[in-house]
There are 2 protein chains.
Amino acid sequence: MSAPEPFDAVDVIRIKRDKGQVPEDALRWMVDAYTREYVADSQMAAFAMAVLLNGMTRDEIRVMTDAMIASGERMSFAGLGKPTVDKHSTGGVGDKITLPLAPLVASFGVAVPQLSGRGLGHTGGTLDKLESIPGWRAALSNDEITAQLRGVGAVICAAGTGLAPADKRLYALRDVTGTVEAIPLIASSIMSKKIAEGTGALVLDVKFGGGAFMRDVDMARELARTMVALGTDSGVATTALLTDMNTPLGLTIGNANEVRESVEVLAGGGPADIVELTVALAREMLTLAGQPDADVEKALQNGQAMDAWREMIRAQDGDPDAALPAPRETHTVLAPASGVLTRLDALPFGIAAWRLGAGRARAQDPVIHSAGIDLHARPGDEVQAGQPLFTLLADDDTRFGRALDALEGAWEIGADAPASTPLVLERITA
Amino acid sequence: MSAPEPFDAVDVIRIKRDKGQVPEDALRWMVDAYTREYVADSQMAAFAMAVLLNGMTRDEIRVMTDAMIASGERMSFAGLGKPTVDKHSTGGVGDKITLPLAPLVASFGVAVPQLSGRGLGHTGGTLDKLESIPGWRAALSNDEITAQLRGVGAVICAAGTGLAPADKRLYALRDVTGTVEAIPLIASSIMSKKIAEGTGALVLDVKFGGGAFMRDVDMARELARTMVALGTDSGVATTALLTDMNTPLGLTIGNANEVRESVEVLAGGGPADIVELTVALAREMLTLAGQPDADVEKALQNGQAMDAWREMIRAQDGDPDAALPAPRETHTVLAPASGVLTRLDALPFGIAAWRLGAGRARAQDPVIHSAGIDLHARPGDEVQAGQPLFTLLADDDTRFGRALDALEGAWEIGADAPASTPLVLERITA
């Protein structure tokens, strides 16, 4: 016979519904009982809606996160003998920053365990991008991860399914019940996985704008503050940058083309915005790792970061010198007039790349590594009539139509350059 | 292949979550799709919580109610050739008012279709009470109901399961998700069944206080106003009385003993509060039926109401002269001191009667018709030390212990009479 339950789900729901604070033991029970399927989806859905509308205190968010961590296994890199720092981005279009960033930071003797996911919807997945590299494998055992962190220092691999299983079930539920946008639940979802992964410190890239999960900068700021507080309360030193995601990052959106652009940055070149954000995040990570004065720009110029990249790719059976997959078909859009490119919107370009095959609609679908979009100009650039603006990449020319539909009205050529907006808007610390 | 769905549940949930008004077609779809099990329990639970916290407009409540009516069959008594008026009580302890009320009103040539439910929890069920009468049956066909309304005029019988099936599913969901207390959902739940039953007019007895579903008088008033507006908007003339349920109604709580007390009222006697409420509700019903000047008190005194009662019971195969079941065991509690009975709380007395076997814990359990509590004094009455205060009635003396536990602190003898409070606090009309 199973033990009697110490709480009743309806009582817990009512506390939050009536704007109260759920006691620690009751909240822990709620998450645990939901993982055991004793608390029903309908009950957790009502609770999630009450959280979305009535909020959670800082203490409640910490307990909720801790309970989700406790629902699964927890990794530890305490025995490595070097500091560990992780980075998490809330997701954007053309966001390949993890690729140059992890080896760059690791090249300073810091362990960077980047346990990542796959893309779903209009934002790409780090693992999908790296799988463009022939031979490279995403799945590593815990022993392989530890060995690679000890040696190369940087690991980008698939997060184990054993981490925070409560979060996995809750996330799927929120997706179908209109409760995704609850900041306490977003924060505990992200942070439970990151803390369970055993990182010692964490830098968050919280994006706002049309191509971001949080369109509104105030919501993004609140999420960033909530996660920084939560990391701090959970013993993980955490800093956040609030960054602009109205325009795609860099000149590539896809998989293989984003790897190519990342390698350009590691070779000391690449688009200015990618370099700027990579350097800014690397500085934050190295500051948390005790190296505030590390010369990260030099490490991009002198081959130090590139060496770490090549080691990291090889350690996971990838060939850093192999040719990347190329698209069978391309379709280039030309500037219809001369002027200044005033706008190029992240969300429709993300959707177009997805429709070209770079992303997946269902979790079980494959991605096409060569598919995506190469940009030839960025907002602020002068363009001449007839000059290439961007090129669609696909394996099948039947895909161009729906991609072009998504791009209708997604960019604009005008007379005056747009007002310049900072890429990194704010730095948020505990 | 089934037709594509015109709406998405997440979009509908989001509208209410963001304090918007759900368009009529979207709300109708939501209820219909939930009935078809296309919309999941978890989605409806999130929606119900958003309704509880953000409310619904008068229009939304009307549409929600209409959609629940449309989910099932709808009765009509338009062909009877006489007005129909129904009464609904939100439920209380010792509330047997329907029993004398229905024949009293019917005795004025009005049709009273009282389609009722069974008791669950601490409030009794009208059908359970009437089933104390040997031979009486609750289940009637629609043809039997119509014939009895045409003849006797009064019918108290089981509501068909085909009425508002969406409400049935939604009510069970609300019960386990902490969303029972949403006034728009309570109002649409009650009114969808009453309107589907085909009554021409409706009088609501909305109770407040410790033994009522709504403890708070302001909440009860809001519910009453919402239901009166809803009835009016749906073409059913509706009036509500706001009545006190801090003390049990009358001197009996149970089944057979409540029938006995009802017959006393029909014979021109009975406790003053039962007579007062029966008369007040009968006046409202007869006013809506076009007889504002009917002398209802006289009809209780001169046997007119009693004749209708006897006809009504016989029409459903009951014997109005048969002996009612008597309890095998009784336990009388005596006054420990002399003074005034200052307090006798409805909720614990309702729970005690339920534990004695008068009510059921699960829908499929039987009730014991002879079980319950007879009161020998009411708040305001002077009592002498050693005088009987109340008697517990059961078939099995092992039940007394837990019933007495419920009554701990549930009544009080003091020096001064309590302040008198009105039984009928307010009358609410459109």
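Note on naming: letters A, B, ... go to the chains in the order of the sequence lines (proteins, then strands), and numbering restarts at 1 for each one.
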Crowded around R402(B) CZ? As in, over 12 foreign heavy atoms under 6.0 Å?
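Open: at most 12 neighbouring heavy atoms sit under 6.0 Å from CZ of R402(B).
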Closest contact, heavy atoms only, A9(A) versus W29(A):
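Closest approach of A9(A) to W29(A): N-CH2, 3.6 Å.
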Quick one: does D244(B)'s side chain have a donor or acceptor within less than 3.5 Å of a partner on N246(B)'s backbone?
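Yes, the answer is positive, given that a donor and an acceptor are paired below the 3.5 Å cut-off.
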Segment of D11(A) engaging chain B (4.5 angstrom heavy-atom cut-off):
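The answer is neither part of D11(A).
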Under 4.5 Å from any heavy atom of chain B - which part of A50(A):
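For A50(A), the contact with chain B is made by backbone and side chain together.
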Test side-chain hydrogen bond (donor to acceptor under 3.5 Å, both in side chains) on D41(B) and Y34(B) and set out the steps.
CA-CA 8 Å; D41(B) 276 340; Y34(B) 181 60; 2.8 Å; yes
Report which part of [X] has an atom under 4.5 Å of a heavy atom belonging to chain A: side chain, backbone, both, or neither.
| X | result |
| --- | --- |
| R17(B) | both |
| A48(B) | neither |
| D8(B) | neither |

Find the distance between NZ (K193(B)) and CG (L163(B)) and round it off to the nearest 0.5 Å.
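The CG atom of L163(B) is 9.5 Å from NZ of K193(B), to the nearest 0.5 Å.
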Options E181(B), R14(B), M44(B), ranked by heavy-atom pairs under 4.5 Å with chain A, top entry:
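Looking at each of E181(B), R14(B), M44(B) in turn, E181(B) comes out on top.
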Among N54(A), T179(A), L173(A), D175(A), single out the residue with the greatest number of heavy-atom pairs under 4.5 Å to chain B.
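Option with the greatest count: N54(A).
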Under a 3.5 Å cutoff, is there a donor and acceptor pairing between the side chains of K207(B) and T243(B)?
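On atom types as modelled, these side chains qualify, holding a pair under 3.5 Å.
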